[in-house]
Amino acid sequence: MSSYERFYEVVRSIPEGRVSSYGTIASLAGLPGHARQVGYALAALPDEHDVPWHRVVNVRGEVSTRRGGHTFERIQRVLLEDEGVPFDQRGRVDLSSVGWPEPPAR
DNA sequence: CTAGTGACTGTTT
DNA sequence: AAAACAGCCACTA
């Protein structure tokens, strides 16, 4: 089983209406310190999948910026808001209330 | 094999 | 609080 598959498994276990961070995903997958690889894995998602990638944000509660454009960022925000995840005025989610599995200490 | 790259993060300015 | 720095590590050319 590839490390990508392990990341995808963890992301699939994020409940609706909750979000997690890249670093958290890596740790839960048994690969602490591989946060960047989680982002890399999500960027390489195949066309057909059942991975709720939009529930993964960075540790600050922000939607991570892609190099290309802002298209996916807007989509991700809409998907989360549709699930009831609130964004503050700065465009960030409150990990202490919707973070999963636990609010990261910060 | 080396070098460049990136959906990251913790520490230090 | 925000930005710069510095580790991080798999993937690609």
Side-chain angles (χ1 to χ4, degrees):
Chain A
M1 187 181 200
S2 70
S3 55
Y4 281 18
E5 297 288 333
R6 302 176 65 134
F7 294 146
Y8 297 156
E9 271 306 304
V10 177
V11 176
R12 270 192 279 263
S13 67
I14 302 175
E16 183 178 321
R18 306 291 296 281
V19 301
S20 197
S21 74
Y22 300 90
T24 300
I25 301 299
S27 294
L28 290 178
L31 298 168
H34 290 223
R36 300 193 67 152
Q37 295 317 116
V38 174
Y40 200 100
L42 292 182
L45 271 174
D47 295 334
E48 312 245 332
H49 64 78
D50 57 344
V51 181
W53 58 272
H54 57 282
R55 295 183 191 143
V56 184
V57 298
N58 67 29
V59 77
R60 296 178 182 176
E62 322 172 292
V63 171
S64 292
T65 309
R66 266 78 143 188
R67 297 196 138 235
H70 296 152
T71 309
F72 288 98
E73 297 176 40
R74 281 176 306 169
I75 294 175
Q76 181 169 4
R77 173 162 178 162
V78 172
L79 287 173
L80 287 176
E81 290 180 325
D82 282 351
E83 291 186 355
V85 177
F87 280 76
D88 65 15
Q89 204 166 20
R90 293 173 182 167
R92 307 193 309 201
V93 302
D94 182 11
L95 289 181
S96 66
S97 61
V98 298
W100 178 89
E102 292 176 17
R106 191 168 260 263

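No experiment lies behind these values; they were computed from the predicted model shown. So that the names make sense, note that chain A is the first sequence line, chain B the second, and so on, each numbered from 1.
Atom CD of A:E73 is separated from atom P of B:dA7 by 10 Å (rounded to the nearest Å). Rounded to an integer number of Å, the gap from A:I14 CD1 to B:dA7 C1' is 13 Å. B:dA7 atom P lies 12 Å from atom CG of A:N58, rounded to whole Å. Rounded to a whole Å, the OH atom of A:Y40 is 19 Å from the C1' atom of B:dT9. Taking atom CD1 on A:I25 and atom P on B:dT9, their separation rounds to 10 Å, with Å as the unit. Rounded to whole Å, the distance from CD on A:E62 to C1' on C:dA2 is 10 Å. Per the geometry, CZ belonging to A:R92 stands 7 Å off P belonging to C:dA1, to the nearest Å. Here the P atom of nucleotide B:dA7 and the CG atom of A:L45 are 14 Å apart, to the nearest Å.
Hydrophobic clustering (side-chain heavy atoms under 4.5 Å, transitive across Ile, Leu, Val, Met, Phe, Trp, Tyr) keeps A:V78 apart from A:I14.
Phosphate proximity of B:dT9 to A:S21: present, with a side-chain N or O under 4.0 Å from OP1 or OP2. The phosphate of B:dC8 (OP1 or OP2) has a side-chain N or O of A:S64 nearer than 4.0 angstrom.
Residues A:R18 and A:S20 fail the side-chain proximity criterion, which asks for heavy atoms closer than 4.5 Å.
Summarising the geometry, atom CG belonging to A:L80 is positioned 12.0 Å from atom CD1 belonging to A:I75; distances are rounded to the nearest 0.5 Å.
Closest contact between the side chain of A:V59 and the listed nucleotides B:dA7, C:dA1, B:dT9 involves B:dT9. For A:L42, taking side-chain heavy atoms from C-beta onward, the closest of the listed nucleotides C:dA2, B:dA7, C:dT12 is B:dA7.
Heavy atoms of A:S3 sit nowhere under 4.0 angstrom from any nucleic acid atom. Within the 4.0 angstrom heavy-atom criterion, no nucleotide atom of any strand lies near A:F7. Contact annotation for A:Q76: base contact, defined as any heavy-atom pair under 4.0 Å involving a base atom.
The closest donor-acceptor contact from the side chain of A:E62 to the backbone of A:R92 lies at 3.5 Å or more, if one exists at all.
The number of heavy atoms from other shown groups lying within 6.0 Å of CZ (A:F72) does not exceed 12.
Ion pairing of A:E9 with A:R6 is absent here, as no side-chain N (NZ or NE/NH1/NH2) approaches a carboxylate O to less than 4.0 Å.
Within residues 30-39 of chain A, the residues having any heavy atom closer than 4.0 Å to DNA chain C are, in order of number, A:H34, A:R36, A:Q37.
Of the candidates A:Y40, A:Y22, A:F7, A:H34 forms a side chain to side chain contact (heavy atoms under 4.5 Å, CB included) with just one, namely A:F7.
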